[in-house]
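As structure tokens, the structure follows; a few thoughts come after it.
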2 protein chains.
Amino acid sequence: MQSRTRSVRAGRPRSAAADAAILAATRAALVELGWSKLTLGDVATRAGVAKTTLYRRWAGKSELVVDAVAGLFDELRLPDRGSLAADLEGVVLQFARILARPEAQSGLMAVIAEATRDEALRNRIRASIVDRQKRLVLEGRARAQSRGELPWEPDPEEAARTADLIFDMVAGTVVHRTLVSAEPADEAWVRHFTRVLLTGLRSGGPPEPSPLPRNPGGREGGTARAEGDSGD
Amino acid sequence: MQSRTRSVRAGRPRSAAADAAILAATRAALVELGWSKLTLGDVATRAGVAKTTLYRRWAGKSELVVDAVAGLFDELRLPDRGSLAADLEGVVLQFARILARPEAQSGLMAVIAEATRDEALRNRIRASIVDRQKRLVLEGRARAQSRGELPWEPDPEEAARTADLIFDMVAGTVVHRTLVSAEPADEAWVRHFTRVLLTGLRSGGPPEPSPLPRNPGGREGGTARAEGDSGD
DNA sequence: CCATTACGCTACGAGTCGTAGCGAAAGCGC
DNA sequence: GCGCTTTCGCTACGACTCGTAGCGTAATGG
């Protein structure tokens with residue numbers, strides 16, 4: 001019993017090289033075949049391991065693909081370009097570039113679809129993919145607040161809600177643009193998007209259940225005035 | 001040749017009742033089994049038709065589910081509550097309620113995943129689901145502009161880009177909130193989200209390739225004014 | 001050297017896929 | 001009514017994938 005918490009109790013250890021080969025083979029198979037035509041037998045052959053080895057380590061296709069796709073997001077970094085706008089553009093562009101890869105597209109959406117009926121899978125995705133992305137939001141937000149680019153929110157609950165909203169808006173919009181609209185999230189688009197998002201966040205305080213803001217927001221540079229009073 | 005463009009040339013017509021039964025059975029199967037465990041044989045049994053009938057009408061599982069899910073979005077309507085904010089909240093809430101249904105969740109994400117490697121399927125999704133949603137964006141936007149709640153954009157190309165952006169932001173954010181974050185898009189959340197979005201849109205003109213908005217926005221105070229003229 | 005664990009390989013029943021073939025049913029034009 | 005055409009229900013089929021069991025071998029620790 002003393003050997004319970006030992007990383008390796010006894011016997012032959014699992015091959016770390018096999019793990020890497022399997023995950024790489026999974027990504028390659030995702031590129032060539034997509035999710036639906038990907039079979040574990042094929043992945044095993046590509047990786048040079050036996051099919052039974054796969055089943056000893058992963059419960060099924062979904063879990064395997066989650067781990068394979070999670071590796072794609074390891075390169076995500078929060079840049080420090082001096083301003084919130086520049087940092088946000090940088091992160092969004094990185095995210096968009098990852099999502100442009102075919103193995104990310106077919107793999108990620110498929111496991112999310114599977115996760116709608118499998119809570120364990122949902123937690124696995126959250127732990128290995130989503131939470132890591134979300135940390136970038138929290139970091140960038142804290143940095144922007146300390147620079148005075150975003151308002152501080154005294155209420156921690158409200159701050160958490162806002163962080164969640166930012167995360168859903170950033171990740172969701174990029175994903176939708178890339179996968180549903182099927183158009184590239186290039187630099188021009190990212191600039192446009194982050195501009196709208198930041199404008200909304202700078203003054204987006206607590207969601208008062210107030211009436212309708214019929215104030216069109218006055219004029220603001222850019223396109224210049226236009227909506228001023230052209231109403232009917 | 002005169003009978004070419006006729007809707008029915010001759011012979012026994014296809015049963016419209018069977019179509020409805022099949023689509024309803026598909027939705028029911030999505031609820032009970034989810035995408036991956038849904039089989040066409042099972043759907044045929046539920047619908048009371050032969051499996052071969054299914055294959056005569058749909059090329060495969062993906063096409064069938066697209067049609068089945070598309071029906072869920074038929075009820076989407078653009079309300080007229082007098083203000084852009086209220087209208088937008090209404091639409092987003094409707095969209096969120098549809099996405100809360102299990103058949104929409106597992107079905108929609110799965111076909112989007114499949115569509116990443118199948119252009120014909122992508123077009124089918126666009127025609128039967130996405131475009132219909134997008135029209136609501138265009139209508140609502142036009143109405144808001146005529147009411148003076150949103151700036152007019154003289155350049156049609158720029159206007160189209162903005163409309164696409166709005167659509168990706170709305171649909172993407174709600175989808176991400178519902179499916180990835182797996183938290184309810186309830187009224188409070190919708191209000192928070194639409195508030196940030198609208199604030200960004202009111203002053204979100206053309207994406208000038210300008211430098212960084214190092215304007216910290218000063219204190220955010222309420223909602224109202226904030227970005228007014230605090231530029232340096 | 002021995003216990004323990006991982007690995008490769010083969011084989012297997014179970015289930016699904018998509019199609020072919022057949023006879024019967026249901027419309028349309030005459 | 002009668003034939004032509006298309007659809008429908010049903011059965012059967014080969015091909016494929018799944019996930020597991022069994023066995024002998026390889027690698028590591030005590």
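First the proteins, then the strands, lettered A, B, ... as listed; each starts at 1.
You won't find any donor-acceptor pair under 3.5 Å spanning the side chain of R12(A) and the base of dT28(D), going by distance alone. Side-chain atoms of K51(B) stay outside donor-acceptor range of the base of dG9(D), with no qualifying N/O pair under 3.5 Å. Side-chain atoms of R56(B) come within donor-acceptor range of the base of dG9(D), with a qualifying N/O pair under 3.5 Å.
Place T52(B) and K61(A) on DNA chain D by their nearest nucleotides, and T52(B) ends up nearer the 5' end. Mapping A50(B) and G60(A) onto DNA chain D by nearest heavy atom places A50(B) at the nucleotide closer to the 5' end.
Across the protein-nucleic acid pair, Y55(A) atom OH and dC9(C) atom C1' stand 16 Å apart, rounded to whole Å. At whole-Å resolution of the value, CG in L54(A) and C1' in dT17(D) are 14 Å apart. Straight-line distance from the CZ atom of R57(B) to the C1' atom of dG18(C): 18 Å, rounded to whole Å. The CG atom of L40(B) sits 11 Å away from the P atom of dT19(C) (whole-angstrom rounding). Residue W35(A) contributes atom CH2, which lies 16 Å from atom P of dT17(D) at whole-angstrom precision. Atom CG in L64(B) sits about 11 Å away from atom P in dC17(C), given to the nearest Å. Straight-line distance from the CD atom of E63(B) to the P atom of dG18(C): 10 Å, rounded to whole Å. Taking atom CH2 of W58(B) as the reference point, atom C1' of dG18(C) lies 17 Å away to the nearest angstrom.
Between P79(B) and V91(B), the shortest heavy-atom distance links the atoms CD-CG2, 3.4 Å.
For dG9(D), the OP1/OP2 oxygens have a side-chain nitrogen or oxygen of T53(B) closer than 4.0 Å. For dA6(C), the OP1/OP2 oxygens have a side-chain nitrogen or oxygen of R14(A) closer than 4.0 Å.
Summary for the helix from dC1(C)-dG30(D) to dC30(C)-dG1(D): the axes at its two ends, each from 5 pairs, differ by 20° when rounded to the nearest 10 degrees.
Side-chain polar atoms of T162(B) and E153(B) form a donor-acceptor pair below 3.5 angstrom. D168(A) and S181(B) share a side-chain donor-acceptor pair at under 3.5 Å.
Using the six-membered ring where Trp is involved, H176(A) and F167(B) have ring planes that are perpendicular, over 60° apart on the 30 and 60° scheme.
R46(A) contributes atom CZ, which lies 5.0 Å from atom CG of L33(A) (distance to the nearest 0.5 angstrom).
A salt bridge is defined here as a Lys NZ or Arg NE, NH1 or NH2 lying under 4.0 Å from an Asp or Glu carboxylate O, and D118(A) with K61(A) fails to meet this definition.
Counting only heavy atoms from C-beta outward, the side chains of L108(B) and I129(B) approach each other to under 4.5 Å.
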